[in-house]
Amino acid sequence: MASLKEMRDQIKSVESTQKITRAMQMVAAAKLRRATDAAQNARPYAERIATVIANLAAGVSGDGAPKLLVGTGRQDRHLVVVASSDRGLAGGFNSSIIRAARERINALLAEGKDVKIITVGKKARDQFRRVFGDRFVATFEAGVPGLASAQPVADKITELFETGQVDVVTLAFSRYKSVVVQTPTLTQLIPAQIAGAAATIDLKGAAYEYEPDEETILETLLPRNLTVQLLSAMLENQAGFYAAQMAAMDNATRNAGDMIAALNLKKNRTRQAQITKELIEIISGAEAL
Amino acid sequence: MAGKLHFSLVSPERELFSGEVDQVDAPGSEGDFGVLAGHAPFMTTLKSGRVKVYDNGRTLGFDVQGGFADVTPDGLTILAEQAVEVAL
């Protein structure tokens with residue numbers, strides 16, 4: 001049995017761990033508010049741009065349609081963009097994104113497709129390096145989500161697409177539903193997915209006028225849309241990450257509390273047993289005289 | 001003059017303005033234009049410049065860099081790549 005001193009040390013160590021997890025929980029809670037605000041503020045733009053594209057797409061078809069919208073007409077070469085967080089200690093947050101992405105990649109490989117990978121965030125990079133390291137075309141850090149960090153990723157994707165190295169681009173990230181629910185999600189970036197419901201703006205009989213023409217507008221709009229989708233994925237990830245971290249740290253704090261209680265009980269029992277043993281020794285020693 | 005125009009100005013990071021106004025002037029890539037309530041559906045790309053919002057004799061200014069303006073019967077939406085409010 002562990003000595004009293006060992007037990008005291010152990011309790012002290014659990015107590016300091018608990019202090020750390022509690023501090024991390026509070027920090028995550030504070031950052032969560034900021035992150036959810038940022039994610040919410042970015043939503044109007046993403047929604048509007050989707051509506052506008054849906055509107056335009058309805059009118060553009062055939063050979064003139066931009067490739068970003070209709071694709072290359074092939075489905076052979078896939079690019080999977082995996083967005084995770086840079087840091088861990090957030091429960092199953094990153095592993096659920098990674099699992100979803102890995103399932104998709106394996107399914108594509110099983111169909112004999114060519115798969116390339118871009119990772120955004122250190123966790124996705126570290127996890128995939130072992131298995132799919134040879135498929136990496138670029139790795140990015142998640143950093144502070146913002147246009148400045150989303151743009152280089154979008155540029156790289158556009159470059160790969162325009163040089164004809166990929167046909168289909170899929171993005172894996174975690175959609176922030178609420179503090180307790182974050183769903184790993186796969187969305188197709190290229191060819192652009194058009195929300196069906198958004199396509200019905202009632203023009204009340206009037207015809208749209210375009211300046212310059214529809215295709216020129218679409219050609220500038222689609223790359224923007226790509227960036228914006230990446231940005232909103234990164235913002236949702238950030239919010240989800242802090243929510244998951246808050247929950248994970250809350251659990252850890254509670255577990256540490258349970259552990260301290262159990263250890264204290266054990267320590268007190270041991271101490272009591274020791275005292276009893278000493279008393280018996282004294283008494284039996286006295287009787288022997 | 002019929003009614004008010006619903007105008008919203010959004011940048012990728014946040015919504016800068018949303019509400020009912022009298023008139024909005026914006027820098028279209030093919031020429032500046034003004035929008036009043038009941039404007040015909042119209043869409044254009046924007047160049048860098050200043051968006052002016054007129055409402056009840058008040059004027060607001062926003063400097064925008066690139067983006068799109070979309071006029072529908074529901075109102076005017078400007079999707080700016082970058083936008084900051086400026087004092088006029």
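Residue numbers begin at 1 in each chain, while the letters A, B, ... track the order of the sequences. Just so it is clear, the values below take in all heavy atoms, side chains as well, and ignore hydrogens, waters and symmetry mates. Quick caveat, the model's predicted, so the values are computed rather than measured.
Interface summary for chain B: among A:Thr216, A:Ile217, A:Val228, the most heavy-atom pairs under 4.5 angstrom belong to A:Ile217. When B:Gln82, B:Met43, B:Glu15 are compared by the number of non-hydrogen pairs under 4.5 Å with chain A, B:Met43 comes out ahead. Chain B forms more heavy-atom pairs under 4.5 Å with one residue of A:Pro212, A:Gly146, A:Ala38 than with any other, namely A:Pro212.
Distance check, rounded to the nearest 0.5 Å: CG of B:Asp70 to OG1 of A:Thr51 gives 8.5 Å. Taking OG from B:Ser11 and CG from A:Asn41, the interatomic distance works out to 9.0 Å, rounded to the nearest 0.5 Å. The CD1 atom of A:Ile49 sits 6.0 Å away from atom CZ of B:Phe68, with the distance rounded to the nearest 0.5 Å.
The stretch residues 45-59 of chain B places B:Thr45 near chain A, each with some heavy atom under 4.5 Å from a heavy atom of that chain.
Annotation: side chain of A:Glu209 is not in contact with side chain of B:Pro41 (no heavy-atom distance under 4.5 Å). Using a 4.5 Å heavy-atom cutoff, the side chains of A:Pro44 and B:Ser8 are not in contact. Side-chain atoms of A:Arg48 and B:Val10, non-hydrogen and from C-beta on, do get closer than 4.5 Å to each other. Proximity of A:Tyr45 to B:Glu13: side-chain heavy atoms (C-beta onward) are nowhere separated by under 4.5 Å.
With a 4.5 angstrom heavy-atom cutoff, A:Leu221 touches chain B via backbone and side-chain atoms both. With a 4.5 angstrom heavy-atom cutoff, A:Leu231 touches chain B only via side-chain atoms. With a 4.5 angstrom heavy-atom cutoff, B:Glu81 touches chain A via backbone and side-chain atoms both. In this structure, chain A has no heavy atom under 4.5 Å from any part of B:Ala69.
Other residues, nucleotides and ligands place no more than 12 heavy atoms under 6.0 Å from the CZ atom of A:Arg104.
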